[in-house]
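If you're wondering where the values come from, they're calculated on a predicted model, not measured in any experiment.
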Amino acid sequence: MTVPPSVRRGAALSVAALVGALLPVLAMPAAHAEPGCLSEAAPPGELPLPLPLPSPIGPGDRCDDSEPPVTSAVTASPAPNEAGFIAQDSVTFTFSGAHTDADTDPIAFECQFFNTPEAPPEDEWTACTSPQTYNDLEDTRRELGGRETPYTFRVRAYDAADRKIDATQNDLILGSNGAETDLPDVDQTPEEATFKLDTVAPVARIFNQPFDPETPDRPMLTTDSPTLRITGSESPLVYTCDIDGEAMPCRDDHVTFKDLGPGTRTLSVSVTDRAGNTSALPATTSFTVPEDLVSPGRRWATKRRAKSFGGDYLEASAYKTKITVAGVDVREVRLLATTGPTSGKLKYKIPGGVWQKVKLGGKRTTRSDVVVVRNEQSASFTGKIAFRVMSRGKPVQLDAIMLR
């Protein structure tokens with residue numbers, strides 16, 4: 001079909017008019033970021049028609065939203081203790097974000113989670129939502145020099161709408177000019193939380209436990225203040241000790257438990273690490289503490305000696321000098337006494353029994369020697385066991401007695 005010249009001239013004039021209308025728009029100067037700019041999207045223009053319809057051609061310019069959202073503080077569950085540790089292999093972080101102006105654009109988040117000495121590169125952020133959980137974590141380990149690298153969680157909020165837009169780009173279709181800048185739409189100060197992880201319960205240990213060849217499972221002490229070496233499977237640890245339920249101060253080292261009363265005692269040791277893990281079972285050891293002998297009268301002299309049980313011992317040399325000690329359901333009887341060629345003679349008798357010899361002899365003098373008077377296979381008795389000196393001039397030195 002042939003287009004009449006008048007129509008061709010009209011169309012040309014319309015195109016020229018359209019181009020003439022666009023030129024002022026395309027030549028407009030770039031916009032600047034100004035306070036109150038909430039969106040980087042170009043505003044639509046309107047056709048010069050009675051109806052306010054959206055127009056593909058408009059005079060609006062882009063602006064640069066200069067206020068990204070801010071990220072709230074991070075909360076970890078479980079929360080690290082005062083030493084910065086948690087004791088389980090799963091941790092959950094909660095966080096939020098907010099605009100500091102009247103912006104209503106949606107807020108999104110991205111996270112980093114690592115336990116390496118160096119942080120990941122800036123381009124390695126992962127989209128995330130609150131709450132964010134990480135499972136099956138490995139315990140942090142000590143490196144050479146004792147340094148531990150903690151886990152680090154970072155999160156930052158960003159404007160989900162404006163981040164998709166380059167505010168500096170011109171939009172020929174909408175007729176908008178780009179802004180002079182495109183400041184970050186991401187919070188430039190991410191929130192951060194760090195922690196160390198320890199899920200392994202420590203183990204308590206007791207070394208140099210008392211030994212007794214007569215009764216290895218129930219050793220008798222020769223002191224009322226035993227020194228035991230206490231330690232654990234890691235360091236540092238908090239030590240908790242008790243003897244028969246009574247708390248005793250202790251630490252990672254040789255510990256002396258002073259002035260223990262007579263009887264069979266059980267020491268229990270538990271340890272707790274920095275993460276709060278406590279040993280599943282306490283380390284224990286049992287032993288029997290003898291009873292310090294006290295002079296019943298003037299014929300038994302009390303002699304001071306630092307290395308003796310309780311710091312002293314009894315001595316008598318007069319013939320038939322006697323001392324008694326009471327017991328209940330007793331089988332074993334042992335004395336801590338001086339033995340050797342210069343020791344006097346001693347006999348004992350249980351209720352209803354006859355006098356029997358106590359062996360205090362020997363080729364050399366030994367102080368606080370363990371003398372077995374009766375063993376654990378002996379018949380039991382309840383009442384007083386009596387001891388009597390059966391020599392003249394030779395001293396009998398008695399330190400302590402065990403009735404069990």
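Side chain of Asp187 to backbone of Val70: no donor-acceptor contact under 3.5 angstrom is found. The backbone N or O of Asn375 sits nowhere less than 3.5 Å from a side-chain atom of Glu214 that would complete a donor-acceptor pair. Listed for the Tyr239 side chain is a donor-acceptor partner under 3.5 Å among the backbone atoms of Gly232. At least one donor-acceptor pair under 3.5 Å links the side chain of Asp212 to the backbone N or O of Met220. Checking side-chain atoms of Thr382 against main-chain N and O of Val328 turns up no donor-acceptor pair under 3.5 Å. The main-chain N or O of Arg205 is never found under 3.5 Å from a side-chain atom of Arg229 such that the two would form a donor-acceptor pair.
For the side-chain contact (heavy atoms from CB on, under 4.5 Å) with Asn277, the lone residue among Thr272, Asp198, Thr199 that qualifies is Asp198. The side-chain contact (heavy atoms from CB on, under 4.5 Å) with Arg367 is formed by just one residue from the set Thr339, Leu336, Asp399, Thr338; it is Thr338. Just one residue in the list Phe195, Phe114, Phe93 forms a side-chain contact (heavy atoms from CB on, under 4.5 Å) with Phe153, and that residue is Phe93.
Here the closest heavy-atom approach between residue Pro150 and residue Lys196 is recorded as CB-CG, 3.9 Å. Heavy atoms only, all atoms of each residue included: Leu38 and Asp105 are closest at O-OD2, 3.6 Å.
Between Asp159 and Pro69 there is a side-chain heavy-atom pair separated by less than 4.5 Å. Counting only heavy atoms from C-beta outward, the side chains of Ser72 and Glu191 never approach each other to under 4.5 Å.
Remark: Arg392 qualifies as a cation-pi partner of Tyr319 under the 6.0 Å distance and 45° angle criteria applied to the six-membered ring. A cation-pi arrangement is not found for Arg274 relative to Phe85, the charged atom failing to lie both closer than 6.0 Å to the ring centre and inside a 45° cone about the ring normal.
Ion pairing between a basic and an acidic side chain is recognised when a charged N comes within 4.0 Å of a carboxylate O; Glu332 and Arg218 show such pairing. Note on Arg154 versus Glu192: salt bridge recorded, some NZ/NE/NH1/NH2 to OD/OE distance being below 4.0 Å. A salt bridge does not link Glu315 to Arg305: none of the charged side-chain nitrogens sits closer than 4.0 Å to a carboxylate oxygen. Looking at Arg141 and Glu148, no side-chain N of the basic residue comes within less than 4.0 Å of a carboxylate O on the acidic one, giving no salt bridge.
A ring-centre distance under 6.0 Å is found for Tyr151 and Phe113. Within the 6.0 Å centre-distance limit, the rings of Phe109 and Phe95 are counted as a close aromatic pair.
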